[in-house]
Number of protein chains: 2
Amino acid sequence: MSFQTAAAAASIKCGDCPIRHRAVCSRCETDELRELDGLKYYRTIEAGQTIVWSGDEMDFVASLVSGIATLSQTMEDGRTQMVGLLLPSDFVGRPGRAEAAYDVTATTDVTLCCFRKKPFEALMMRTPHIGQRLLEMTLDELDAAREWMLLLGRKTAREKIATLLAIIIRRDASLHLQADGGALEFDLPLTREAMADYLGLTLETVSRQISALKREGVIELRGKRHIVIPDLDRLIEETGDDSDGGVLT
Amino acid sequence: MSFQTAAAAASIKCGDCPIRHRAVCSRCETDELRELDGLKYYRTIEAGQTIVWSGDEMDFVASLVSGIATLSQTMEDGRTQMVGLLLPSDFVGRPGRAEAAYDVTATTDVTLCCFRKKPFEALMMRTPHIGQRLLEMTLDELDAAREWMLLLGRKTAREKIATLLAIIIRRDASLHLQADGGALEFDLPLTREAMADYLGLTLETVSRQISALKREGVIELRGKRHIVIPDLDRLIEETGDDSDGGVLT
DNA sequence: CGCAAGATTGACATAGGTCAACGTGTGTGG
DNA sequence: CCACACACGTTGACCTATGTCAATCTTGCG
C-alpha cells in the first residue's frame, strides 16, 4: 500500500477547499474551521491501490477531496460486490467504530483530507454542526443504498447498465452542465469489471449489454471509455424507472 | 387505511416504554423525556395495512414500538423490492424530508410512537442526544443495507434463504436467549411472498429452496411458519458468509 | 515491436423465472 | 357443524437470462 503526504495539498486552507460546501465540514463556522484546519492532514493514493482493507484497524476518518474510490465486500470464494461509490466530498470511515467494514479502493488517483479518529470524535461531541451534516450525508447514502437494492434485486442486466449510465450523467450534469438539447457525453470512470461488481453481473454480461445498447443506437462509444448519449430520454426509458426521475430538472 | 389511537397505549410514560433503551430517545435525560412525553402520540395499524405510501406527504416521524413493518419500493410494472425490515425501536421517516420515499407496510399489528415532524425537528436542534442517536441508528441501517446489497447481488437462492433465517435467529437470540446446545426455533414473521420480495427472488423459488433445505435436514418445519434449526453451524455454512459471523457470541 | 490489461464475442450450461395445477388450513356463513 | 372459499404454500414442466469457459481483438506502453 503506497501513499505519501501531498506536499502541495498540505497547504490548502479549509476556506479554499474545493469540497468546502459539501463535505462533513460544510456547516462549520470560521472558528470551527480553524480547529479542523489544525487537525487535518492530506494523503494521496494512486489509482488501483487499496486505501483500507475490511477488518483493518482504522485510526482515521476522512473526506474524499478528489478522485473516485469504491467500497466493496468480498466473499471467501472471491465473489465481490461494490456497496458504494465514493465521490469528492463523500465521507470515509465511521465514527465510533475501530475496524473498517469494507475494502476501500482508489479507482483513480485520490486525495483524502484525513482526521485522526479520536480528536475528530471529540470535536464532533463539541460541534453539533458536524454531527448534523454527517447525519444528513448518511441518510442520503442510505437512500442511495436502497435505490441500489432495487436495482440489484429486481432489474434486468440491460436496465442495470442503463441505470448506471443515467446515474453517472446525473452526477456529471451537476458539475459541468452541458447544452440541454445537445448530446451528452462523459468518460466512464470504471472498468467493465468494476461495473460488473457494482451491478451484480459478470463482466461478460456488462460487455454484451453495452454492445447491445450501442448496436441499437441508445449509446455511442468513442474508444472504450468515452460514452455519448444522443437521446437522454431514450436511455432513461431503458432504466425501468419512472419516466421523470428528476434528471436535469 | 385504518388506524386508531390506542387508548391503552396512550397512557404509557416514556420511562416505562419497552423500547426506551434502544430507540431514538434512548440517550435522552429526564427533562428531555418529559418534553417528548408531551409531544408523542400513539397509533396502531393492523397487520397487512400500509402505513404510508411512497410519495405521500408525511407530517410525522415515529418509533416502532411493537410489531414488524417493511419498507419497500415498487416499479411501474409491479416488480417490488423490500429495502428494509422495521423492528421494535426502529425509526420511521426522515427529518428534513416532506415526502415518504418508500411504502411502509405493517406485516403484523404495529404500534407506532409518533411525533409531528416540525416540533420533532425543532426538538432535535435543541437536543444533541437525539441527533447523535439517530446518526448511530442510521449508520447501522446503512451497514445492514450494504450487507443486503452483497446478498442481492452475489448470493445464490439457497444462500439467500439461509442468510435470512440466520439473521432472524440472530435477532431472536438477542431477546429470548435459548439453550445454547439445544435446537433453535422460531416463527417466520413473513409470508413466502414477503421473503421473495426481500431476497430478490420469486415466491416459487423461495418455496423450493425451503423444501430443499428441509429435505436435506438443514431445517425442520412445524406447520408452514414455525422453523426448527437442529444445527446452527450447518445453517451458517449454507449462508456463504465467513464461518463465524458473530452469531451468539 | 510486442506484450499486458482490458474488452469483445461465441458456444454452451444452468439457476432461477414463468405458468399452471394442485395442496392445506382456517375462518365464515348457511 | 359442515362445507366451501380464499389466502397461502407446494410442486412440476418448461423457458430464458445470465453465468461460465475459452478464444480473439484492441490499445497503450515499456
Side-chain angles (χ1 to χ4, degrees), chain A residues 46-49 70 75 77-81 105 107-108 151-165 187-216 219-227 238 240, chain B residues 46-49 75 77-81 105-108 151-165 187-216 219-227 238 240:
Chain A
E46 304 179 355
Q49 299 300 312
T70 63
M75 295 170 67
D77 61 4
R79 282 176 280 175
T80 98
Q81 176 65 52
T105 308
T107 288
T108 63
L151 175 143
L152 291 172
R154 295 303 186 191
K155 288 193 174 179
T156 64
R158 165 181 271 248
E159 288 170 337
K160 286 177 176 182
I161 301 282
T163 304
L164 178 60
L165 297 179
D187 280 307
L188 265 181
L190 303 170
T191 65
R192 300 291 127 108
E193 188 181 21
M195 293 174 72
D197 285 343
Y198 205 5
L199 299 172
L201 297 170
T202 58
L203 69 161
E204 292 94 330
T205 300
V206 170
S207 189
R208 276 190 253 271
Q209 293 297 337
I210 289 182
S211 298
L213 289 170
K214 182 174 66 174
R215 216 177 306 122
E216 298 169 31
I219 63 175
E220 290 164 27
L221 292 189
R222 308 243 194 286
K224 299 301 179 187
R225 293 290 194 84
H226 192 83
I227 296 202
E238 299 289 352
Chain B
E46 304 179 355
Q49 298 301 312
M75 294 170 65
D77 61 4
R79 284 176 279 176
T80 99
Q81 176 66 51
T105 309
T107 289
T108 62
L151 174 144
L152 291 172
R154 295 302 186 192
K155 288 192 175 181
T156 64
R158 164 182 273 249
E159 289 169 338
K160 286 177 175 182
I161 301 282
T163 304
L164 178 60
L165 297 179
D187 280 306
L188 265 181
L190 303 170
T191 65
R192 299 291 126 109
E193 189 181 21
M195 293 173 71
D197 285 345
Y198 204 6
L199 299 171
L201 297 171
T202 59
L203 67 158
E204 292 95 331
T205 300
V206 170
S207 188
R208 277 189 254 269
Q209 294 296 337
I210 289 181
S211 298
L213 289 170
K214 182 175 65 174
R215 217 177 307 122
E216 298 169 31
I219 64 176
E220 288 164 28
L221 292 189
R222 308 245 196 282
K224 298 303 179 188
R225 292 289 193 87
H226 192 83
I227 296 202
E238 299 289 353

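Each chain gets a letter, A, B and so on, in the order the sequences are listed, and its residues count up from 1.
- C:dT8 atom P lies 11 Å from atom CZ of A:R215, rounded to whole Å.
- Applying the side-chain hydrogen bond (donor to acceptor under 3.5 Å, both in side chains) criterion to A:K160, with sequence neighbours excluded, gives no partner residue.
- What you find for B:K155 and B:E159 is that their closest heavy atoms are CA-OE1, 3.4 Å.
- A residue-by-residue look at A:R154 and A:V206 shows that A:V206 has its nearest nucleotide of DNA chain C further toward the 5' end.
- Residues forming a side-chain hydrogen bond (donor to acceptor under 3.5 Å, both in side chains) with A:Q209 (at least two apart in sequence, or on another chain): none.
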Annotated protein contacts, base or backbone, on nucleotides 20-30 of chain D with a non-hydrogen cut-off under 4.0 Å, one of B, S, - each: BB---------
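- The stretch residues 188-201 of chain B comes close to DNA chain C through B:G200, B:L201, each having a heavy atom under 4.0 Å from the strand.
- Distances from the side chain of A:Q209 to the nucleotides D:dG9, D:dT18, C:dT8 place D:dT18 closest.
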Does A:I210 form a side-chain contact (heavy atoms from CB on, under 4.5 Å) with A:L221? I'd like the steps, not just the answer. CA-CA 9 Å; A:I210 289 182; A:L221 292 189; 4.2 Å; yes
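- A:T107 meets the side-chain hydrogen bond (donor to acceptor under 3.5 Å, both in side chains) test with no other residue; sequence neighbours excluded.
- The distance between atom CD1 of B:I227 and atom P of D:dG9, rounded to the nearest whole Å, is 11 Å.
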N/O-N/O pairs, protein side and nucleotides 14-16 of chain D side, under 3.5 Å:
none

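- A:E204 pairs by the side chain to side chain contact (heavy atoms under 4.5 Å, CB included) definition with A:T202, A:R208, not counting sequence neighbours.
- Here C:dG6 presents its P atom at 15 Å from CD1 of A:I210, a figure rounded to the nearest Å.
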Please tabulate, one pair per line, all N/O donor-acceptor pairs under 3.5 Å involving side-chain atoms of residues 188-196 of chain B, not counting sequence neighbours.
from	atom 1	to	atom 2	distance (Å)
B:T191	OG1	B:E193	N	3.3
B:T191	OG1	B:A194	N	3.0
B:R192	NH2	B:K224	O	2.5

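- Nearest heavy-atom pair across A:Q81 and A:D197 is NE2-O, 3.0 Å.
- Residue-level contact check: B:S211 touches the backbone only, with heavy atoms under 4.0 Å from sugar-phosphate atoms and none from bases.
- Nucleic acid contact class of A:R225 (heavy atoms, under 4.0 Å, all strands): sugar-phosphate only.
- Taking each heavy atom of B:R154 and A:M75 in turn, the nearest pair found is CB-SD, 4.4 Å.
- Each end of the helix from C:dC1-D:dG30 to C:dG30-D:dC1 gets its own rotation axis from five pairs of C1' atoms, and the angle between them is 20° to the nearest 10 degrees.
- For the pair B:H226 NE2 and D:dG9 P, the computed distance is 16 Å after rounding to whole Å.
- Atoms CG (B:L203) and P (C:dT18) sit 11 Å apart, rounded to a whole Å.
- Residues satisfying the side chain to side chain contact (heavy atoms under 4.5 Å, CB included) test with A:S211, not counting sequence neighbours, are A:R215.
- Heavy-atom minimum distance, B:I227 versus B:I219: CG2-CB, 4.2 Å.
- Annotation: proximity of residues 155-162 of chain A to DNA chain C (heavy atom, distance under 4.0 Å) is found for no residue.
- When atom types are taken as modelled, the side chain of A:Q49 and the backbone of A:E46 share no donor-acceptor pair closer than 3.5 angstrom.
- Taking the side-chain hydrogen bond (donor to acceptor under 3.5 Å, both in side chains) definition, one finds that B:S207 meets it with nothing, sequence neighbours left out.
- Going from atom OH of A:Y198 over to atom CG of A:L152 covers 9.0 Å, rounded to the nearest 0.5 Å.
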